[in-house]
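In the text below, chain A, chain B and the rest are named by the order of the sequence lines, each starting its count at 1.
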Amino acid sequence: MATAHSRAAARVMISPAVILLLGWMIVPLSMTVYFSFLSYNLLMPGMEEFIGFGNYEFFLTDPAFMEALVNTLLLVGGVLVITIVGGVGLALLLDQPMWGQGIVRVLVIAPFFVMPTVSALVWKNMFMNPVNGLFAHMAKALGLPPFDFLAHAPLASIIVIVAWQWLPFATLILLTALQSLDKEQIEAAEMDGASAFDRFRFIVLPHMSRAITVVILIQTIFLLSVFAEILVTTNGGPGYASTNITYLVYAQSLLQFDVGGGSAGGIVAVILANIVAIFLMRMIGKNLEA
Amino acid sequence: MARRATGTRKLVVTALAWAVGLAIFFPILWTILTSFKTEAEAIASPPSLFAFRWTLENYVEVNSRSDYFLHFMNSVVISLGSTLLGLLIAIPAAWSMAFVPAKRTKDILMWMLSTKMLPPVGVLVPIYLMFRDFGLLDTRIGLIVVLTLINLPIIVWMLFTYFKEIPGEILEAARMDGASLWDEVVYVLTPMAVPGIASTLLLNIILAWNEAFWTLNLTAAKAAPLTAFIASYSSPEGLFYAKLSAASTLAIAPILILGWFSQKQLVRGLTFGAVK
């Protein structure tokens, strides 16, 4: 159906988007690569010089990097475990017949729409604060000493906050997948005497496996870049206890003005994200009929 | 069905689901309630859920003590501006890929998606320096440009999946009747595409409203949207719980309402068609 005329028109229509995204990707990214080979500090303008892989060596051997890398993995892993397990459970629950299903769904999904700075500050002050937080009130009522969550378990606290934000996303997608499951299959299995656990293990879970994979991959992309929640709760501290790679690069470049070191860190972050992205792209590509 | 939704079972499921739902929603509910308390009641121990003297003073205070309205308008202008600009660029692109697919269409789509996988921190330094040199730091226009670019892949993808569902035969029929490309777009395609465009608009306003990496790094005071403004409460001033709650409630209310309308689009927009 496509004529030469419409093909030419199509090319014109697509080019602004392609050119802009190409520019957005290539220009700053090549600048980052370039900076990463320079000794370049914003406080010492005019002193830039080429130092090869020096920044990478510095960044990768910095003890803060190892700590940040471990924190990044713990943060991503922790949030994934909570949201996947919780999401599967919630999806199974919400798929049952009940009264007020629509309202419950809205309640469960709501946290996803709260901006990251608000949810982080609300949790930090109104729940986790050791003096005036709700958890401190509850501990007092039970006769327990209050616990300073963000000082003594900063990373775990941030994991809880971020998991609360992403649980709705996992639930919503897993619920969508669950609703496309052929219910007759379940009934047949039930009549053949399969227990509830067997039905879940051999029918429901395999059916949801694709959606679970998608949730894992998409969340990982976003979770590698968690930033605002750390900035407003702990500033990465105490020490580096809650610094992830994203926050470390931010601190290096915009707080210590070390453009060279920050850029090397940025490239490391890009490589990490790419490892995940390759798998995700493959899954999406399979599903695309273009 | 052997396991009928008997009364008891439905009752148990309902009770459980409501309990879990309310627990998940509780932090939001608590914020809204606290915004109507006085500062003293907000930190009272034990705290009370409903039995307090309801007051609107926090909302008045938040607006008079800080430039709340300015930041609210920044959020509106930036999220709406970047979404509309994104649609302007993405609609022709998605249209041509959906209706005039070429050999490389799939590659282009996948490549566009890959730009979304780029962690922002990988380009933070050059973008920051460019913004500084071009005087774009702390400007609405600068943020509109960046947010348009980071959400453009999602906009193109969502529109593409919606446009794909419009049957191509309709276009051919229009063409047979002598419709020009322009007629085709304006009279045939647009009316059928409006629901998809509306959903895309909705989801992207939400994403842009809540974006909290670039807004925090590229704004200071003047152009700061609500994400960045609320972050200023992380200083000791944040200990004013009732005011923090009022500012937060105002910041999340519009998006909570929009969000309730766009649950379905959320799945579609954020999974790039991988889950249906």
Side-chain angles (χ1 to χ4, degrees), chain A residues 1-2 6 9-10 13-14 16-17 21 24-25 28-29 31-32 35 93 96-99 104 106-108 110 113-118 121-122 125-126 132 137 172-173 176-177 187 190 211 214 221 224-225 227-228 232 246 249 253 259 262-263 266 269-270 273 277 281 283-285 287 290, chain B residues 1-2 5 10 13-14 17-18 21 24-25 27-28 31 43 45-47 89-90 92-93 96 100-101 105-106 109-110 112 115 117 119-123 125-127 149 152 156 172 181 210 212-213 216 227 230-231 233-234 238 241 248 251-252 255-256 259-260 263 267 271-275:
Chain A
M1 74 177 224
S6 67
M13 289 163 86
I14 201 173
L21 281 176
W24 167 248
M25 191 151 109
L29 199 57
M31 283 170 80
T32 307
F35 291 153
L93 181 63
Q96 311 286 325
M98 70 176 80
W99 287 290
V104 174
V106 163
L107 294 178
V108 170
F113 300 116
V114 177
M115 54 178 67
T117 43
V118 165
L121 280 179
V122 163
N125 290 319
M126 292 163 59
N132 294 319
H137 292 318
L172 195 59
I173 287 175
T176 308
E187 282 170 44
E190 202 169 1
V214 171
I221 299 277
L224 283 172
S225 296
F227 172 75
V232 300
T246 298
V249 175
S253 13
V259 169
S263 298
V270 170
M281 300 283 288
M283 290 215 45
I284 294 170
N287 216 41
Chain B
M1 201 165 148
K10 197 171 171 182
V13 168
T14 303
W18 275 86
I24 291 176
F25 187 73
I28 299 173
T31 308
I43 55 168
S45 177
I89 301 163
S96 74
V100 198
T105 297
K106 185 174 169 174
L109 268 173
M110 294 307 289
M112 283 187 172
T115 65
M117 314 274 161
V121 79
V123 292
V125 175
I127 297 291
L149 287 168
L152 193 56
V156 172
E172 279 177 58
L181 185 67
N210 287 343
F213 181 82
L216 286 170
T227 43
I230 301 278
Y233 277 81
S234 64
Y241 287 8
S248 299
I252 63 176
I255 286 316
L256 276 179
W260 289 338
Q263 301 172 30
V267 174
T271 61
F272 304 100
V275 172

Query raised in the report: With chain A, which of B:I252, B:V156, B:L149 has the greatest number of heavy-atom pairs at distances under 4.5 Å?
Result: B:L149
For chain B, the option from [options] that forms the most heavy-atom pairs under 4.5 Å:
options	answer
A:V259, A:L224, A:V232	A:V232
A:V249, A:V108, A:V104	A:V104
A:M25, A:M115, A:M31	A:M115

Counting distance only, does the side-chain N/O of [X] pair as donor-acceptor with the main-chain N or O of [Y] below 3.5 Å?
X	Y	result
B:Y241	A:N125	yes
B:T14	A:W99	yes
A:T32	B:G122	yes

[X] and [Y]: which non-hydrogen atoms are nearest, and at how many Å?
X	Y	value
B:S248	A:V122	OG-CG2, 4.4 Å
A:T117	B:A231	CG2-CB, 3.9 Å
A:P97	B:V13	O-CG1, 3.8 Å
B:V123	A:L29	CG1-N, 3.9 Å
B:P126	A:P28	CG-O, 3.2 Å

Query raised in the report: Which answer fits B:I89, side chain, backbone, both or neither, if we ask what part of it has an atom under 4.5 Å from a heavy atom of chain A?
Result: both
Report summary line: Bottom line for B:A90: the part with an atom under 4.5 Å from chain A's heavy atoms is neither
Query raised in the report: Step by step, would you call B:W18 with A:L107 a side chain to side chain contact (heavy atoms under 4.5 Å, CB included)?
Result: CA-CA 9 Å; B:W18 275 86; A:L107 294 178; 4.3 Å; yes
Query raised in the report: Measuring from A:L121:CG to B:T31:OG1, what's the distance to the nearest 0.5 Å?
Result: 10.5 Å
Requested in this report: Hey, could you give me the CG/CZ distance between B:N210 and A:F113, rounded to the nearest 0.5 Å?
Outcome: 9.0 Å
Report summary line: Applying a strict 4.5 Å limit to non-hydrogen atoms, the region of A:A17 in contact with chain B is both
Report task. Using non-hydrogen atoms and a 4.5 Å limit, figure out which bit of A:I221 sits close to chain B: side chain, backbone, both or neither. Result -> side chain
Query - Full working for side chain to side chain contact (heavy atoms under 4.5 Å, CB included) between B:V121 and A:F227 - result: CA-CA 10 Å; B:V121 79; A:F227 172 75; over 6 Å; no
